[in-house]
Amino acid sequence: MANVIGQIDRAIEATGRVVAGVGDDRLTDPTMCTDWDVRALLNHTVGGMRIFTAQLTGTDAGADHEADWLGTDPRAAYAAAADADHAAWHLPGALAITVHISLGTLPGPLAAVIHLTELCAHGADLAVATGREAALDEDLCEELLATMHGMGGIDAYRMPGVFGPEAPAPAGALPHRRLLAYLGRPVDGVPG
């Protein structure tokens with residue numbers, strides 16, 4: 001499980017590459033998360049990072065998950081959240097902390113895998129929506145899929161607002177597309 005911290009680092013970095021290339025003109029583009037455009041999805045991602053940071057540091061996040069975390073500069077908001085998130089996961093004993101999030105009370109290692117999943121999935125969602133798929137870490141997406149299958153799958157989390165039923169992945173799909181399909185994203189007809 002110690003490797004999960006390194007994987008979170010890689011997910012933060014890959015999603016950061018995606019976010020850095022998203023222009024303001026793309027913020028209203030639709031995403032596979034049908035209730036969210038690019039800005040709302042990025043806001044959700046940053047909010048999650050801020051909430052995990054608060055949990056790991058024993059502080060108050062200052063707002064709920066869907067508050068406006070982006071302000072007037074979404075890229076700077078992501079970069080600041082990424083720095084704080086990275087630092088929090090590298091605190092001594094981070095994996096020993098019990099985390100309280102909307103999914104419930106979770107032991108540190110499971111919380112880390114859930115956070116990794118959020119970062120990878122939403123990074124891929126943003127990349128697909130904005131044409132930035134080349135910025136993703138395909139090896140990391142493959143590793144996360146293997147972790148999910150090794151844990152017995154994610155059926156316990158297949159519910160509205162979390163993960164939908166597994167969708168078919170196109171033949172020869174890249175790992176990030178297979179990850180999104182496994183998480184219930186309808187990848188048919190999506191550019192890329």
Side-chain angles (χ1 to χ4, degrees), residues 1-20 33 41-42 44-59 61 65 69 77-128 132-133 135-159 161-164 166 169 173-185:
M1 265 310 201
N3 184 44
V4 74
I5 303 296
Q7 290 175 315
I8 288 171
D9 290 345
R10 289 166 55 199
I12 289 170
E13 183 179 324
T15 301
R17 287 191 302 268
V18 172
V19 172
C33 301
L41 179 58
L42 178 55
H44 171 82
T45 304
V46 169
M49 294 167 78
R50 289 297 189 180
I51 288 167
F52 269 98
T53 296
Q55 287 287 308
L56 293 169
T57 59
T59 59
H65 202 152
W69 296 94
Y78 178 85
D83 288 346
D85 194 45
H86 170 84
W89 283 105
H90 285 271
L91 290 171
L95 290 177
I97 294 172
T98 299
V99 173
H100 308 277
I101 60 172
S102 61
L103 291 175
T105 300
L106 307 171
L110 181 56
V113 172
I114 288 172
H115 190 53
L116 173 63
T117 301
E118 282 272 300
L119 289 168
C120 283
H122 291 323
D125 290 329
L126 290 165
V128 169
R132 307 260 315 134
E133 292 172 84
L136 295 171
D137 183 332
E138 297 293 352
D139 291 338
L140 180 59
C141 292
E142 189 75 57
E143 291 166 21
L144 179 56
L145 273 168
T147 296
M148 290 176 170
H149 290 300
M151 294 172 65
I154 61 166
D155 287 346
Y157 299 102
R158 291 194 189 278
M159 60 187 87
V162 183
F163 302 124
E166 184 173 359
L174 289 170
H176 77 274
R177 291 290 182 131
R178 288 189 284 113
L179 174 64
L180 291 175
Y182 182 67
L183 298 176
R185 307 297 201 266

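By convention here, the first residue in the shown sequence is residue 1.
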Donor-acceptor pairs under 3.5 angstrom involving side-chain atoms of residues 7-15: please list them, not counting sequence neighbours.
from, atom 1, to, atom 2, distance (Å)
Q7, NE2, E143, OE1, 3.0
D9, OD1, H86, ND1, 2.9
D9, OD1, H90, NE2, 3.0
D9, OD2, H90, NE2, 2.8
R10, NE, D137, OD2, 3.0
R10, NH1, E143, OE1, 2.9
R10, NH1, E143, OE2, 3.3
R10, NH2, D137, OD1, 3.3
R10, NH2, D137, OD2, 3.2
R10, NH2, E143, OE2, 3.3
E13, OE2, R17, NH1, 3.2
T15, OG1, A11, O, 3.0
T15, OG1, L119, O, 3.2

Under the side chain to side chain donor-acceptor pair (under 3.5 Å) rule, collect the residues that match up with H176, sequence neighbours excluded.
E133, E138

Could you pull out the closest heavy-atom pair between V46 and A81, with the gap in Å?
CG1-CB, 3.8 Å

Using the ring pair (Phe, Tyr, Trp, His ring centres under 6.0 Å) rule, collect all pairs that involve residues 137-156, keeping only residues at least two apart or in two chains.
H149-Y182

Taking every non-hydrogen atom, the tightest pair across T57 and T59:
OG1-OG1, 2.9 Å

Please name the pair of heavy atoms, one in H115 and one in G48, separated by the smallest distance, quoted to 0.1 Å.
CE1-O, 4.2 Å

Drop me the distance from T147's OG1 to I154's CD1, to the nearest 0.5 angstrom.
12.5 Å

First locate atom OG1 of T45, then atom CZ of R50, and finally report the distance between them rounded to the nearest 0.5 Å.
13.5 Å

Tell me whether the rings of W89 and F52 are parallel (<30°), tilted (30 to 60°) or perpendicular (>60°).
tilted

So which atom in C120 and which in L179 form the shortest heavy-atom distance, rounded to 0.1 Å?
CB-CD2, 4.1 Å

Taking every heavy atom of H44 against every heavy atom of H65, the minimum-distance pair comes out as O-NE2, 2.9 Å

Report yes if the side chains of M49 and E118 come closer than 4.5 Å at any heavy-atom pair, otherwise no.
no

Do side-chain atoms of R185 reach the backbone of L180 as a donor and acceptor pair under 3.5 angstrom?
no

Show your reasoning for whether side chain to side chain contact (heavy atoms under 4.5 Å, CB included) applies to L140 and L116.
CA-CA 10 Å; L140 180 59; L116 173 63; 4.3 Å; yes

Trace of the side chain to side chain contact (heavy atoms under 4.5 Å, CB included) decision for V19 with R132
CA-CA 9 Å; V19 172; R132 307 260 315 134; over 6 Å; no

Identify the two heavy atoms, one from P109 and one from L95, that lie closest to each other, and give their separation to 0.1 Å.
CD-O, 3.1 Å

Distance, nearest 0.5 Å, that separates CG of L183 from CG of L144
7.5 Å

